[in-house]
Every structure is written in structure tokens, then in C-alpha cells.
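A short worksheet on the structure shown next.
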Amino acid sequence: MHWKALSLAVWMGHGSGQMLPMLRFQCNQLVVERLDPLVTPGSIPSPHLHQIVGGNSFNASMDPATHDLPSLSTCTSCTFSEDLSNYWTAVLFFRARNGTYKRVQQFPNLFLEGHGGITVYYIPSPDATANVTAFKPGFRMLVGDAALDAPGPTRKVCHRCMPETGEASHLNCAAPDSQALPNEFCPGGLRSVITFPTCWDGQNLDSPDHKSHVAYPASGSYDVGADGVCPSNHPVKIPQVMLEVMWDTRPFNDKDLWPEDGSQPFFWSTNDKLQLAEDVAKSWMHRNGYTQHGDYVFGWKDDSLQRAMDARCNGSECSTLKSQSVEESIGCTKLPTVDEDVDGWLTSIPGMPMGD
Ligand SMILES: *[C@@H]1O[C@H](CO)[C@@H](O)[C@H](O)[C@H]1NC(C)=O
Ligand SMILES: *[C@@H]1O[C@H](CO)[C@@H](O)[C@H](O)[C@H]1NC(C)=O
Ligand SMILES: *[C@@H]1O[C@H](CO)[C@@H](O)[C@H](O)[C@H]1NC(C)=O
Ligand SMILES: *[C@@H]1O[C@H](CO)[C@@H](O)[C@H](O)[C@H]1NC(C)=O
């Protein structure tokens, strides 16, 4: 069980006690709004709300043939100034007893500083004699399913109820993590994890479902760096992109605020999949938490990501990459294109059918 040992070693890397090198850095909030250039390009607004980080050329269309992120962006909200990529996920909402919704704020992960946003990982092969192939301009991919109503087949998207300090375990998406949203108070907030595939078909920068040009390893551990064996139709090992999002559920840790029926009160911003007001009223589907998802549009300048992977850079310092200060990265924001309230006590989550 060689790969198991490797997988443990890699996952030991998250947070403290990193044993293998991996980029781990903060990308601050660029904007929170209803746009989705990958799934519904050109739609203003898109069906549901996202929180977006990275380069400020992000917009509703981002035509892969012409939208060159590094040259169109004038800044990035990420630590490394050469990373003009965009990353986005669904947004978490708290539902009050009176039926109104409040967006849950994000906070920086362990050992990182910043404002909201996402912790981004790029994990090279744990095998020091095998370099991964960095993504090419125009590359995009998606993990998860905004309409999923049952646990996914694999452990790609999961949640962790964080302890007051530390992180409980270094193994992401293993116990105590769950695919469903935890039905308990989380003393250190809630972490959602999104793990992208590590194998590429070597040809296509994207695919109609934004998934089939990439694959998880056919054997070995799909969710660990590049230690698994890639399937023959997706032979090229790519860096493992992993996102962690820290949701500050702590202000809602109050039994007088939680539902009296014992259910948990958090929802992903994916309620647009509910067609009827009656479905919204049931809302069980989106209370279970399976609909979190992550999107990636590659936008590193030149060969900077390849250099960082080959140099086996660790953490958020990398001598081959250009970094910027926390203040500079926080300062890179974008005014929303879609004019709607996302931060008040809302009678419905943006995009959700009315009538709850
Ligand atoms: C990577 O950085 C972490 C945290 O700073 C450190 O604990 C770990 O030893 C480093 N790992 C390597 C392989 O350099
Ligand atoms: C997105 O940006 C590109 C490049 O600047 C621009 O051509 C396009 O019109 C923009 N799309 C939208 C919907 O704003
Ligand atoms: C609904 O409940 C929340 C949380 O208790 C409260 O802040 C908000 O003002 C309430 N809204 C209405 C319309 O009563
Ligand atoms: C990986 O990249 C580094 C840096 O460019 C290089 O020194 C090393 O030989 C490469 N390893 C392999 C197996 O190609």
C-alpha cells in the first residue's frame, strides 16, 4: 500500500507540519456576485451567487479564444502577483427562524492573512523525480455539481467543522469531514474543501461539461497531489489545485437562532435549481450541502506556475515567483456588475425562486 503512505504524507502538509512542498496562499475577495463565465458565459446575472477571487479581468463572458487573463488583468487579489487566474465557489447563507437569509462571511485560513476569499493550493507530484505539467493558457475546469442532491461518488467536495484552534486532522475529506453540512455548532467556523483532478487528456483546454478533459487517477489516491496513476486517456499529470474556504459561522453558534426542529440552518447559494416555491419551502435539498462546487480559469503569467512547481516551492513564499503585500492583494477588488443586495437580511437567496 505504497500510495497510502504517500497520501498520508501529502495530506500531512495542510496547515502546520507540512512534510512535502506545495504552494499554499491566500486569494482575497475580488467580488461576490451572480456571474459564471464558465457555465453560463454572457449571462448577467447567472443563475446563482458566487464568491470570486484572482485577477480583475474576471467578467461575465471571458471568451477562451480571446480573453487573455494575464494581459487583461491589472491586478490580482492573490499573494503571487503572477497569478491572474480566477477561482470561484458557491456562497454560504444562514437562514434565520423568520425565514430571512444572511450571507456568511469568510475569514483567512490558518497562518494566512487577508480578507475573505479562498486558500489556494497547487500540489506538485510527491515524487521528486517526476515534474507535473502546468496548465496552458485557456485552460478551465470545474469540480462538483450545483444540482447534486445526494452524496457525490467520490470525496472531492467536503466540509469540516473546525475546532476552536488548529484543524483537527491533516487529512482532508476523511473523518471528521463530511459531504453534508455538519449539523452542529463549529467552534472554529466551517471549512469547505474542493479538490480538482490531477490528470489531463493533454489536448483539450476545456470540455462541454468542463470536467471530461480532466480525470482523477485511475489507481492510487485521486485526491492527493499527483501520486496516483493517471488513466491512459488522461495521461498527463497536472498540478493538483485544491481550494479551502473558511466560513465564519461562529456568530450563528446560538441555539436560539438555530431551527427548532433540529435541522441545521446553512444553505449554499445554489437554490436556483429549485423550480417551485414548494421545493424551496422544503429546502431539504440545499440544506444537505452537496451542491458546493469550484471553478478554475487558469491565468498564470508565462511559465511562472511551471517554474514554481519545478522548484517545488512550499507555502506562500517562492523565490522564483513575484509576491505582493497583503495590503496590495486586498486592494485588488472589482465592483459588482450585477446590482443586487447580497449582504442584508434577504427574503430570498439571489436567484432563488420567490415564495419561500
Ligand atoms: C513547508 O512549510 C511548512 C510551513 O511553513 C513547514 O512546516 C514544512 O517543513 C515545509 N516543508 C518543506 C518540505 O519544506
Ligand atoms: C469581458 O472582457 C473582455 C476583454 O476586456 C471584453 O471584450 C468583453 O466585452 C467583456 N465582457 C463583458 C460581458 O463585460
Ligand atoms: C429576522 O431575523 C434576523 C435574525 O434574528 C433579524 O436580524 C432580522 O431583523 C429579522 N428580520 C425581520 C424582518 O424580522
Ligand atoms: C524538474 O524540473 C527541475 C527544474 O526545472 C529540473 O531541475 C528537473 O530535472 C526536472 N525533473 C524532471 C524529472 O524532469
Side-chain angles (χ1 to χ4, degrees), residues 23-44 46 50-89 114-122 132-143 194 196-197 200 203-207 210-211 213-214 238-243 245 293-309 313 316 318 320-324 328-338:
L23 287 184
R24 176 185 190 268
F25 58 95
Q26 167 78 13
C27 288
N28 301 295
Q29 209 73 72
L30 182 72
V31 65
V32 177
E33 69 171 336
R34 268 204 290 155
L35 290 187
D36 191 342
L38 203 48
V39 176
T40 53
S43 289
I44 303 174
S46 65
H50 290 127
Q51 58 97 10
I52 300 128
V53 301
N56 70 342
S57 73
F58 176 84
N59 75 14
S61 52
M62 300 185 83
D63 178 355
T66 56
H67 196 102
D68 180 42
L69 285 75
S71 61
L72 290 169
S73 300
T74 56
C75 68
T76 173
S77 68
C78 299
T79 303
F80 295 115
S81 47
E82 288 158 294
D83 183 10
L84 292 314
S85 306
N86 287 117
Y87 313 82
W88 63 93
T89 74
H115 175 68
I118 299 179
T119 310
V120 177
Y121 291 80
Y122 283 85
V132 288
T133 302
F135 311 102
K136 306 277 179 274
F139 184 90
R140 290 121 188 258
M141 61 180 165
L142 184 161
V143 171
I194 294 158
F196 287 83
W200 176 45
Q203 306 283 326
N204 298 294
L205 299 172
D206 197 359
S207 47
H210 313 292
K211 293 179 179 175
H213 59 311
V214 287
I238 48 179
Q240 179 166 58
V241 179
M242 189 177 78
L243 310 180
V245 190
H293 53 284
D295 296 60
Y296 175 58
V297 177
F298 170 78
W300 286 76
K301 213 173 251 182
D302 307 321
D303 66 344
S304 50
L305 178 61
Q306 186 70 58
R307 289 198 322 269
M309 292 290 97
C313 282
S316 42
C318 178
T320 189
L321 293 178
K322 296 191 182 82
S323 300
Q324 57 182 351
E328 280 171 308
S329 58
I330 289 176
C332 185
T333 58
K334 216 175 148 61
L335 287 172
T337 307
V338 179

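The figures here come from the full heavy-atom set of this structure, side chains too, leaving out hydrogens, waters and symmetry mates.
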Going from [atom1] on [X] to [atom2] on [Y], what distance comes out if it is rounded to the nearest 0.5 angstrom?
| X | Y | atom1 | atom2 | result |
| --- | --- | --- | --- | --- |
| D36 | H50 | CG | NE2 | 4.5 Å |
| N86 | N56 | CG | CG | 9.0 Å |
| R24 | T119 | CZ | OG1 | 5.5 Å |
| S77 | I118 | OG | CD1 | 8.5 Å |
| T79 | Q324 | OG1 | CD | 7.5 Å |
| T320 | D303 | OG1 | CG | 7.5 Å |

Does [Y] offer a backbone N or O that forms a donor-acceptor pair with the side chain of [X] under 3.5 Å?
| X | Y | value |
| --- | --- | --- |
| E82 | K322 | yes |
| R34 | S46 | yes |
| T89 | G294 | no |

| request: Check the pair T76 / S329 against side chain to side chain contact (heavy atoms under 4.5 Å, CB included), numbers first and verdict last. | output: CA-CA 6 Å; T76 173; S329 58; over 6 Å; no
Quick check: closest heavy atoms across [X] and [Y], and the distance to 0.1 Å?
| X | Y | answer |
| --- | --- | --- |
| L321 | S304 | CD2-O, 3.4 Å |
| N28 | H115 | OD1-N, 2.7 Å |
| C332 | G54 | SG-O, 4.4 Å |
| D83 | C78 | OD2-SG, 4.2 Å |
| L335 | V31 | C-CG2, 4.3 Å |
| V53 | Q51 | CG1-OE1, 4.2 Å |

Can you tell me how the ring of [X] sits relative to the ring of [Y], calling it parallel under 30°, perpendicular over 60° and tilted otherwise?
| X | Y | result |
| --- | --- | --- |
| F139 | H213 | tilted |
| F80 | F25 | perpendicular |
| F298 | F135 | tilted |

| task | Name all residues meeting the side chain to side chain contact (heavy atoms under 4.5 Å, CB included) criterion together with T133; count only those two or more places apart in sequence or in a different chain, and write none if there are none. | result |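 If we apply the side chain to side chain contact (heavy atoms under 4.5 Å, CB included) test to T133, skipping adjacent residues, the hits are K136, V236.
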| Quick one: side chain to side chain contact (heavy atoms under 4.5 Å, CB included) partners of S43, sequence neighbours excluded? |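 For S43 the side chain to side chain contact (heavy atoms under 4.5 Å, CB included) partners, ignoring immediate neighbours, are T40.
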Taking the side chain as every heavy atom from C-beta outward, state whether [X] and [Y] have any pair of such atoms under 4.5 Å apart.
| X | Y | value |
| --- | --- | --- |
| V241 | M141 | yes |
| M309 | L23 | yes |
| L69 | M62 | yes |
| L84 | K301 | yes |
| W300 | S85 | yes |
| F196 | L243 | yes |

| task | Let me see the working for L35 and F58 under side chain to side chain contact (heavy atoms under 4.5 Å, CB included), right down to the final yes or no. | result | CA-CA 9 Å; L35 290 187; F58 176 84; 3.9 Å; yes
| request: Using only heavy-atom distances, determine whether the side chains of N204 and S207 contain a donor-acceptor pair under 3.5 Å. | output: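 Distance-only check fails for N204 and S207.
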| S61-H67 side chain donor-acceptor pair, cut-off 3.5 Å |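 Absent: no donor and acceptor within the cut-off.
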| Within 6.0 Å of NE2 in H210, more than 12 heavy atoms from elsewhere |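 Yes, the 6.0 Å shell around NE2 holds more than 12 heavy atoms from other groups.
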